[in-house]
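Working notes for the structure below.
These numbers come from the heavy atoms of this one structure, side chains and all, not from hydrogens, waters or symmetry mates. Small disclaimer: the values here were computed from a predicted structure and weren't measured. Chain letters run A, B, ... following the sequence lines, proteins first, then strands; residues in each count from 1.
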2 protein chains.
Amino acid sequence: MEQIPVLKLGDFLLVSIQVELHDELVLNLQDDLTSRIEKTRARGVLIDISALEIVDSFIGRTLGHIAAMARVLDATTVLVGMRPAVAITLVELGMSLKGIRTALDVDKGMALLRRALDASDGTGESS
Amino acid sequence: MEQIPVLKLGDFLLVSIQVELHDELVLNLQDDLTSRIEKTRARGVLIDISALEIVDSFIGRTLGHIAAMARVLDATTVLVGMRPAVAITLVELGMSLKGIRTALDVDKGMALLRRALDASDGTGESS
């Protein structure tokens with residue numbers, strides 16, 4: 001079974017997508033990632049899509065689902081590295097990825113996750 | 001041109017190899033990684049090969065070259081996620097990857113890089 005590796009980096013999980021996603025693959029990723037969040041007790045998920053040239057509406061929607069699932073498992077998801085052409089297509093498809101935070105690259109996404117984690121730990125409540 | 005993405009993570013570069021390497025691809029990686037080390041002034045390189053089922057002698061040797069090149073550019077390379085079968089094959093091929101540090105997973109590799117960086121900074125030189 002084709003699979004996208006999920007790397008553990010401290011409190012976070014990093015998913016670097018390097019092949020064009022098809023429907024089955026992104027559903028596998030959804031299952032895999034949620035079970036990894038549970039197993040590793042990760043607090044954040046970073047999904048790098050800089051290698052993706054195409055994100056269709058199914059994949060966009062599934063990424064939204066992944067973020068929503070991560071949220072109920074108490075992990076924040078940040079999508080990074082989106083190409084301008086992908087952003088254009090997504091908005092033209094009517095998808096604004098409302099539930100997902102985004103950042104320009106892995107570095108900035110990691111900083112965003114750290115800030116989100118500090119903020120939620122500071123108030124004593126999870127986001 | 002097929003390419004393996006190189007992600008910047010703070011002071012480090014992360015290379016997560018997810019496709020089986022062929023000779024041209026690993027040579028591209030070598031060029032790409034050395035130029036990224038120069039551009040980003042990275043101090044460490046983490047190469048994750050957990051998805052690789054086969055590492056032949058050419059690839060093993062080239063990984064050694066990459067680590068040596070990174071070293072002269074003042075970056076430490078750590079190879080992580082090697083499968084037991086790959087370790088067996090490499091040693092049977094007579095390659096013990098002497099010049100490369102290894103760690104079991106990305107988390108441990110990152111910790112090793114941080115320690116190496118702290119140790120070298122401890123001598124009075126800043127990065």
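- Side-chain contact between B:Leu14 and A:Val106 is absent, with no heavy atoms from C-beta onward closer than 4.5 Å.
- Atom NZ of B:Lys8 is separated from atom CG of A:Asp105 by 7.5 Å, given to the nearest 0.5 angstrom.
- With rounding to the nearest 0.5 Å, the separation of CG in B:Leu9 from CG in A:Leu46 is 8.0 Å.
- Screening residues 46-67 of chain B for salt bridge (charged side-chain N to carboxylate O under 4.0 Å, His left out), with sequence neighbours left out, gives B:Glu53-B:Arg83.
- For A:Lys108, the NZ atom counts as loosely surrounded, since its 6.0 Å shell holds 12 or fewer non-hydrogen atoms of other residues, nucleotides or ligands.
- The local environment of CD in A:Glu20 is crowded, with over 12 non-hydrogen atoms from other residues, nucleotides or ligands closer than 6.0 Å.
- Put simply, B:Ile37 and B:Ile47 are part of the same group of oily side chains (I, L, V, M, F, W, Y) that touch within less than 4.5 Å, one to the next.
- Side-chain heavy atoms closer than 4.5 Å link hydrophobic residues (I, L, V, M, F, W, Y) into clusters, and following such links, even through other members, never connects A:Val15 to A:Val78.
- The same ILVMFWY cluster, assembled from side-chain heavy atoms under 4.5 Å apart, contains both B:Leu79 and B:Val86.
- No donor-acceptor pair under 3.5 Å is formed between the side chain of A:Gln18 and the backbone N or O of B:Val19.
- Residue B:Leu113 is not grouped with residue B:Val6 when hydrophobic side chains (ILVMFWY) are merged at heavy-atom distances under 4.5 angstrom, including chains of intermediate members.
- Of all residues spanning residues 88-98 of chain A, none has a heavy atom less than 4.5 Å away from chain B's heavy atoms.
- Hydrophobic clustering, with ILVMFWY side chains joined whenever heavy atoms are under 4.5 angstrom apart, groups B:Leu112 together with A:Phe12.
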